[in-house]
Amino acid sequence: MKLGIAGRTAIVCAASKGLGKGCAVALAQKGVNVVISARGEEALAATAEEIRSETGVTVRAVVCDVTTIMGRAELLGACPDPDILITNAGGPPPGDFREFSLEDWQKAVNANMLSPIEMIKATVDGMLDRRFGRIVNITSATVRSPIDELCLSNGARGGLTGFIAGLSRKTIAHNVTINNLLPGPFDTDRLRGNLAYRAKDQGRDVAEMTEIAAANNPAGRFGTAEEFGATCAFMCSIHAGYMTGQQILMDGGAFPGTM
Ligand code: NAP
């Protein structure tokens, strides 16, 4: 399917690995020029080169921490007027809420609620003026079905979801859509870290824990970054202009509700 976005420019935050990388690759495969970011230079440069050589689009790599004011300024300096914005950052650590300090909560809210909002604030008005914009926030299935040990994520991402619910209804008349893409278990470093925590907590072996988690998913496996990226690219396409304010859940069917 032609997505109608070749030649557009996207900022993909936190994209040297995992789901952000999956989104950047999928957009580039559809002809979108991408500006990708991460804190680690080596992996980011390798991903940028991989996308460039596979797709031929223009790829700019900005080494920065997207959860800081300075990091976001660097990223926006490299691309002040993106047509597409994918917000993303590392997830907060798992743990018992009794053990988290106020500072831990502030960090989670900063990374997973305020940083996306700041990126949207800096880019949405240009999209509205140009009458095209697609914003996809990578959030989490925990917004739909909370996981106890991911309490920081459950809380911080809930705040972002509430904010988007309001703004997304104000922008669609100008062909600017804002949606959230909610990953369940996807085979990335982040998932492996969470499984290691759970294995330790339950006194199990990590390999055994991983096998159980995959088998317990209705799909019998974890999702892939490629599958995630392909859905994100569709949400950024011209065909998705009538969809806004939605929580698009990709979890292999793990959420048991009818709707
Ligand atoms: P990942 O495989 O660990 O990749 C994270 C990527 O983000 C890396 O490129 C990392 O590079 C970059 N990054 C992290 N913090 C950053 C920061 N402050 N500034 C810029 N770049 C940053 O993680 P993932 O699985 O793709 O997860 C992406 C998001 O989805 C996370 O918020 C995660 O909690 C959420 N999520 C994932 C799953 C899953 O199963 N994978 C499920 C639910 C929710 P550097 O470290 O070099 O910066």
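In this text, all values refer to a predicted model and were calculated from it rather than measured experimentally. Both ligands and their constituent atoms are indexed starting at 1 by order of listing. FYI, the numbering just counts along the sequence from 1.
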For Gln202, look at atom CD and say whether over 12 heavy atoms of other residues, nucleotides or ligands are found less than 6.0 Å away.
-> yes
Below 4.0 angstrom, N of the basic side chain to O of the carboxylate: do Asp81 and Arg130 qualify?
-> yes
Any ion pair linking Arg198 and Asp201 (charged N to carboxylate O, less than 4.0 Å)?
-> no
According to the side-chain hydrogen bond (donor to acceptor under 3.5 Å, both in side chains) rule, which pairs have a member within residues 111-128, sequence neighbours left out?
-> Arg72-Ser115
Pairwise ring pair (Phe, Tyr, Trp, His ring centres under 6.0 Å) hits with a residue in residues 156-201, at least two apart | Phe186-Phe228
Taking only distance into account, with no hydrogens and no angle test, what donor-acceptor pairs under 3.5 Å do side-chain atoms of residues 35-45 form with protein atoms, sequence neighbours excluded?
| unit_1 | atom_1 | unit_2 | atom_2 | d |
| --- | --- | --- | --- | --- |
| Ser37 | OG | Ala14 | N | 3.1 |

Residues with a heavy atom under 4.0 Å from ligand 1, by chain and number, are Ala14, Ser16, Lys17, Gly18, Leu19, Ala38, Arg39, Gly40, Cys64, Asp65, Val66, Thr67, Asn88, Ala89, Gly90, Gly91, Ile138, Thr139, Ser140, Arg157, Pro183, Gly184, Pro185, Phe186, Thr188, Asp189, Arg190, Leu191
